[in-house]
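Notes follow once the structure below has been shown.
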Amino acid sequence: MIRTITIIGLIIAVWLPLVDYAVFRPRRKALGEASRIRGFEGLVYIGFLLAVALMALSSFGMILIGQSMHRWMLILHMSVAPIFATCLTVLALMWAEQSQFRPADSAGGTTAGSPGQRFHCGEKFAFWVTVLAGFLTISTAMLLMMSWFGSSAQWKLLNLHRLSALLLLIAAVSHGARILLGRSASSKSAG
């Protein structure tokens, strides 16, 4: 069952950015130079995406071939986990204010396309899903290491960990594609 859900989730993770790129990106207005990711912020974001990719490879890759995570894949997964957790926390702190859903005339005073706005609504939504699913993934992993739960509860935690990680992967791939591919060239000249 988890293998089928993983396959469906990976298909969605690839399909969403492709649809966004083909359908929505050409109509999306550019937000200006303020929306570019540079320096330390870019380094943290690339580290986060790389950590997500390595953890997905080590976990979902093993599920796809019908095995449980063990040996080098488990070592890779556990070695990258602190980098993932650190980068996710730093991104949540850096981008939380800029990813708020608020009206254009509220305290921020920014409107779509103005220099103060960094992210479109879809990017904000993907960011918050990534943060929430990421912290749920981290929490379930930590709870799995405790001896507080019996076998049945640990299997439920493991399945919750896998499902939240799959949701995290879908949201992170979608967000990463929107951020790294940028805006279309026609929209940059328009706004």
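Side chains included, hydrogens not; waters and symmetry mates left out as well; all remaining heavy atoms used.
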Rounded to the nearest 0.5 Å, how far does [atom2] of [Y] lie from [atom1] of [X]?
X	Y	atom1	atom2	answer
Ile75	His70	CD1	NE2	11.0 Å
Leu168	Leu163	CG	CG	12.5 Å
Met78	Met55	CE	CE	8.0 Å

Does some side-chain heavy atom of [Y] sit less than 4.5 Å from a side-chain heavy atom of [X]?
X	Y	result
Leu74	Arg71	no
Met94	Leu91	yes
Gln67	Met73	no

Which pair of non-hydrogen atoms, one from [X] and one from [Y], has the smallest distance, and what is that distance?
X	Y	answer
Ala92	Phe127	CA-CZ, 3.9 Å
Ala13	Val173	O-CG1, 3.2 Å
Gly47	Cys87	C-SG, 4.0 Å

By side-chain contact (heavy atoms from CB on, under 4.5 Å), which residues pair with [X], not counting sequence neighbours?
X	answer
Val129	Phe125, Leu167, Ala171
Ile11	Ile7
Ile46	Leu180
Ser59	Met69, His77

Less than 3.5 Å apart, which donor and acceptor atoms pair up between the side chains of residues 131-160 and the rest of the protein, not counting sequence neighbours?
unit_1: Thr137; atom_1: OG1; unit_2: Ala133; atom_2: O; d: 2.7
unit_1: Thr137; atom_1: OG1; unit_2: Ser164; atom_2: OG; d: 2.9
unit_1: Thr137; atom_1: OG1; unit_2: Ala165; atom_2: N; d: 3.3
unit_1: Ser139; atom_1: OG; unit_2: Phe135; atom_2: O; d: 2.8
unit_1: Thr140; atom_1: OG1; unit_2: Leu136; atom_2: O; d: 3.0
unit_1: Thr140; atom_1: OG1; unit_2: Thr137; atom_2: O; d: 3.0
unit_1: Thr140; atom_1: OG1; unit_2: His161; atom_2: ND1; d: 3.0
unit_1: Asn159; atom_1: ND2; unit_2: Trp155; atom_2: O; d: 3.4

Is [Y] reachable from [X] through a run of I, L, V, M, F, W or Y residues, each pair having side-chain heavy atoms under 4.5 Å apart?
X	Y	value
Phe48	Phe40	yes
Leu57	Val52	no
Leu10	Leu49	yes
Val80	Leu50	yes
Leu166	Leu64	yes

> With Phe60, which residues qualify under ring-ring contact (aromatic ring centres under 6.0 Å, His included), at least two apart?
Replying inline: none

> Do Ser174 side-chain atoms and Ile170 backbone N/O form a donor-acceptor pair below 3.5 Å?
Replying inline: no

>> Test side-chain contact (heavy atoms from CB on, under 4.5 Å) on His175 and Tyr45; report intermediate values, then the result.
In response: CA-CA 11 Å; His175 188 266; Tyr45 192 61; 2.6 Å; yes

